[in-house]
Amino acid sequence: MTVEVVKWGIFGPGNISKKFATDLKFAEGAELLAVGGRSADKAEAFAQEFNIPRAYGSLEELAQDSDVQIVYVGTLHPVHKDNALILLRAGKAVICEKPFTMNEAEAAELIQVAKENNVFLMEAMWTRFLPPIVKVREWLASEKIGEVRMLKADFGFNIGWQPESRLLDPNKGGGALLDAGIYPVSFASMIFGTQPKSIQSVANIGKTGVDEQFSLLFEYEGGRSAVLNSAVQLGMVNDAYIYGTKGYIHIPNFLFGKSASLHVSGQDPEHFNDGREMQGYNFEAEAAMQAIRAGKLESDIMPLAETQAIMGTLDAIRAQWGLRYEADQA
């Protein structure tokens with residue numbers, strides 16, 4: 001059976017887009033047709049590196065390419081909304097890197113425009129589509145560990161003291177929460193299927209004015225909880241543990257999810273190993289293409305209402321710290 005080819009564009013020829021382009025060749029039915037950037041030189045260099053036929057020096061030119069069906073937006077956080085708006089209004093399907101936007105208000109605007117233009121839109125939360133994470137959802141759905149009561153998930157790394165880095169620059173949406181912390185926050189949303197009813201948090205706001213590390217305690221109905229930590233100035237063990245009434249699930253380096261183990265009381269552990277060679281961005285691309293071929297306007301795995309709700313949770317956390325960005329002034 002022949003799979004219908006979907007023609008892709010990429011906007012933002014940076015590091016994250018290089019990872020996406022590298023893995024897209026493993027996505028069945030994907031054709032990487034065009035790349036766009038803020039300068040023609042950068043777009044052309046990216047096109048040559050990945051053998052992409054068309055290169056554009058502006059987003060508007062990419063949006064006007066009638067052959068491109070879907071665009072991956074891999075730009076800096078503060079311009080996600082404006083970039084995606086141009087593409088959506090041009091009738092292009094969009095998957096937009098995390099954080100989807102800078103705040104919930106921007107997310108709501110994007111979602112509304114996507115609906116008005118009848119086009120597919122998805123947050124590129126690529127980890128949800130990795131095979132071990134899919135297996136974890138299967139284990140949870142079949143109640144292998146009973147009722148889930150607690151989650152612990154961490155994601156952090158140490159970039160060293162680089163005040164000029166986007167990760168520490170408030171004007172570029174820097175800070176641990178939006179760049180790294182969104183992964184454990186989104187993971188908690190996936191596990192519990194809702195946002196917390198209460199949040200306790202502590203953060204270290206560094207010299208540049210962004211959060212360099214934080215810890216979160218989420219409370220859900222029924223006494224369930226999640227403990228989440230993240231940092232951009234600390235090397236961390238980035239594992240996730242899901243605890244239930246009958247056992248637990250361990251996901252080593254959960255963000256990149258190449259394995260998972262199921263531990264049920266009184267039974268030998270069950271191990272799932274991916275063994276993939278690619279990093280795994282191809283799985284989110286395949287999911288987006290399947291949805292588009294089926295005529296869907298959003299993903300069942302990363303639905304838009306959940307994306308917006310997660311942005312609302314991030315807003316609530318930042319409010320506790322008094323951390324605001326330019327986008328919050330709108």
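A salt bridge links E219 with K197: the closest approach of a Lys/Arg side-chain nitrogen to an acidic carboxylate oxygen falls below 4.0 angstrom. Taking 4.0 Å as the cut-off between side-chain N and carboxylate O, D169 and R166 do not count as a salt-bridged pair. Salt-bridge formation is not detected for the pair K42/E44: no Lys NZ or Arg NE/NH1/NH2 atom is positioned less than 4.0 Å from an Asp or Glu carboxylate oxygen. Between K152 and D154 there is a salt bridge, with a side-chain nitrogen of the basic residue lying less than 4.0 Å from a carboxylate oxygen of the acidic one. Ion pairing between E49 and K18 holds under the 4.0 Å rule for side-chain N and carboxylate O.
T22 and Q279 share no side-chain donor-acceptor pair at under 3.5 Å.
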Intermediate values then yes/no, salt bridge (charged side-chain N to carboxylate O under 4.0 Å, His left out), E306 and R128: CA-CA 13 Å; E306 185 181 0; R128 287 206 181 187; 2.7 Å; yes
Salt bridge (charged side-chain N to carboxylate O under 4.0 Å, His left out) evaluation trace for E298 with K296: CA-CA 6 Å; E298 62 181 298; K296 295 181 179 180; over 6 Å; no
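None of T313, D328, D211 except one satisfies the side chain to side chain donor-acceptor pair (under 3.5 Å) rule with R318; the exception is D328.
Shown here are the side-chain hydrogen bond (donor to acceptor under 3.5 Å, both in side chains) partners of D65, two or more places apart in sequence or in another chain: R54, Y56.
Scanning all heavy atoms of the two residues, the minimum distance from I317 to V185 falls at CD1-CG2, 4.5 Å. Of all heavy-atom pairs spanning I251 and S259, the tightest one is CG2-O, 3.6 Å.
A 6.0 Å sphere centred on NZ of K25 holds more than 12 heavy atoms belonging to other residues, nucleotides or ligands.
Using cut-offs of 30° and 60° for the angle between ring planes, the Y248 and Y241 rings count as tilted. The aromatic rings of F254 and F155 stand perpendicular to each other, their planes meeting at an angle above 60°, with 30° marking the opposite boundary.
If you take CD1 on I159 and CG on D179, they are separated by 9.0 Å, rounding to the nearest 0.5 Å.
For F50 and F46, the ring centers sit closer than 6.0 Å to each other. In this structure, Y72 has its ring center at least 6.0 angstrom away from the ring center of W126.
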